[in-house]
Novice: 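Please see the structure below; I have some questions.
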Amino acid sequence: MKHLLIIKLQKRNDEASELQTILTKHGCIIKTRVGLHDTDGNHCSSEGLIILELIGSDKERNEMMAEIGVLKSIDVKNISI
């Protein structure tokens with residue numbers, strides 16, 4: 001089974017450093033990380049999307065999701081397929 005976490009940052013510049021701290025703390029359960037944001041070369045969007053492929057136990061994944069979930073301008077979706 002694959003475990004994916006989709007994270008949408010509404011205010012990327014405001015919360016990115018806090019989110020990065022959480023992701024670094026739980027880095028051992030992150031197998032793959034892809035980050036996306038809109039830019040046209042002159043303007044960088046304040047929204048961002050991060051897709052994570054997670055490994056580890058349910059407990060480890062749930063702890064990370066709970067920490068991310070308290071950030072104000074971030075939406076999180078957990079997908080297991």
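Predicted model only: the values in this text are computed from it and were never measured.
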Novice: Give the table of side-chain donor-acceptor pairs shorter than 3.5 Å for residues 30-37, with sequence neighbours excluded, one pair per line with atom names and distance.
Specialist:
residue : atom : partner : partner atom : Å
T32     : OG1  : E53     : OE1          : 2.8
R33     : NH1  : Q20     : OE1          : 3.1
R33     : NH2  : Q20     : OE1          : 3.0

Novice: How many angstroms lie between CG in L54 and SG in C28, if you round to the nearest 0.5 Å?
Specialist: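 Spacing of CG (L54) from SG (C28) equals 12.5 Å.
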Novice: Under a 4.5 Å side-chain heavy-atom rule over Ile, Leu, Val, Met, Phe, Trp and Tyr, are I29 and L19 clustered together?
Specialist: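 I29 and L19: one cluster.
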Novice: Are L49 and L52 connected in a single hydrophobic cluster, I mean Ile/Leu/Val/Met/Phe/Trp/Tyr linked by side-chain heavy atoms less than 4.5 Å apart?
Specialist: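 The answer is no; the residues belong to distinct hydrophobic clusters.
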Novice: To the nearest 0.5 Å, tell me how far M65 CE sits from D58 CG.
Specialist: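 Between atom CE of M65 and atom CG of D58 there are 8.0 Å.
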Novice: Test side-chain contact (heavy atoms from CB on, under 4.5 Å) on I68 and L23; report intermediate values, then the result.
Specialist: CA-CA 9 Å; I68 293 170; L23 296 180; 4.1 Å; yes
Novice: Determine, step by step, whether M64 and E60 satisfy the side-chain contact (heavy atoms from CB on, under 4.5 Å) criterion, reporting the C-alpha distance in whole Å, the side-chain angles of both residues, the deciding distance to 0.1 Å, and the verdict.
Specialist: CA-CA 6 Å; M64 184 175 78; E60 291 171 310; over 6 Å; no
Novice: Under 3.5 Å, sequence neighbours excluded: what are the donor-acceptor pairs made by side chains of residues 72-81?
Specialist:
residue : atom : partner : partner atom : Å
S73     : OG   : E15     : OE2          : 2.9
D75     : OD2  : Q10     : NE2          : 3.2
S80     : OG   : H3      : ND1          : 2.9

